[in-house]
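Residue numbers count from 1 along this sequence.
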Amino acid sequence: TGIIPPKVQYFVDSSRQLTVEEVDKYEMFFQPWRSSTPSEILGNPGNIWIRIDPYLKSHNLVYELKSTFLVKFQAYLKNAYGFFENKSPLQNTFGIQPAYTLPKSESETFFLLVDQEYGFHLLQNTFFSEEEYQALTQRRVLIFSAVMGAFFFSTDSGFSCRHKRYTSID
């Protein structure tokens, strides 16, 4: 797709008590996110902080954290003045994958706190253009709708047949 992803790093807060302002001061403890990272942090007690460093880009990117059974997360944006603000996931997020639009500015840093619980597994960080993400969301909705429609059709047909059978016995 031609998208050059930004630098993604992570930090495990074993105390589970650090705030985003405190974590920002531990920049040297952040490690690069590699394809092996999800396996390395699996079952590691503590909060996972994901940091996406700013870089200048000509278009917005959508960041999606793929996971299974992700229980709780919170995103923050450090603006050009050094202040942190809460960032909400996209409204059209479908499923359990939190997705966020990343800022275009090279002076803003994105943080995601994953309140780690046992039984979840981070899979990967994925970046999309806004157009790619919209198309992906539409495909997900269509697939989900088709599966649910087939399920309801099959259960409704069975119910109708049984209902007819019972009414015909009377």
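Counting heavy atoms from C-beta on, the side chains of V23 and F30 come closer than 4.5 Å. Using a 4.5 Å heavy-atom threshold, the side chains of Y63 and P89 count as separate. Using a 4.5 Å heavy-atom cutoff, the side chains of D24 and R51 are in contact.
Rounding to the nearest 0.5 angstrom, the gap separating the CG atom in D53 from the CG atom in L102 is 11.5 Å. Distance CD/Q31 to CD1/I41: 10.0 Å, rounded to 0.5 Å. To the nearest 0.5 angstrom, N47 atom CG is 5.0 Å from L113 atom CG. Atoms OG and CZ, on S14 and F11 in that order, are 7.0 Å from each other to the nearest 0.5 Å. Taking OG1 of T109 as the reference point, atom CD1 of I52 lies at 10.0 Å (rounded to 0.5 Å). To the nearest 0.5 Å, atoms OG1 (T19) and NZ (K25) are separated by 7.5 Å.
Scanning both residues, L18 and D13, for their nearest heavy atoms gives N-OD2, 3.0 Å. Minimum interatomic distance between L61 and P6 (heavy atoms only, all atoms of both residues): CD1-CD, 3.9 Å. Minimum interatomic distance between S36 and E40 (heavy atoms only, all atoms of both residues): OG-OE2, 2.9 Å. Nearest heavy atom pair, residue P32 against residue T37, reads O-OG1, 4.0 Å. Across every non-hydrogen atom of K78 and G82, the tightest pair is CE-CA, 3.9 Å.
The aromatic rings of Y100 and F110 are tilted relative to each other, their planes meeting at an angle between 30° and 60°.
Proximity of a side-chain donor or acceptor of K87 to a complementary backbone N or O of F111 within less than 3.5 Å is not detected.
Residues Q17 and S15 have side chains that never bring a donor and an acceptor to within less than 3.5 angstrom of each other.
Annotation for E22: atom CD counts as buried by contact number, over 12 foreign heavy atoms lying within 6.0 Å.
A single hydrophobic cluster is seen to contain both Y26 and W49, as judged by linkage of ILVMFWY side chains at heavy-atom distances under 4.5 Å, directly or through other members. Two different hydrophobic clusters hold F84 and L112 under the rule that ILVMFWY side chains link at heavy-atom gaps under 4.5 Å. A single hydrophobic cluster is not seen to contain both V20 and V12; linkage of ILVMFWY side chains at heavy-atom distances under 4.5 Å, directly or through other members, places them apart.
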Go through it in stages, so that I can follow the logic: the residues are Y76 and N86, the test is side chain to side chain contact (heavy atoms under 4.5 Å, CB included), and I'd like the CA-CA distance, side-chain angles, deciding distance and then a yes or no.
CA-CA 5 Å; Y76 302 92; N86 288 338; 3.1 Å; yes
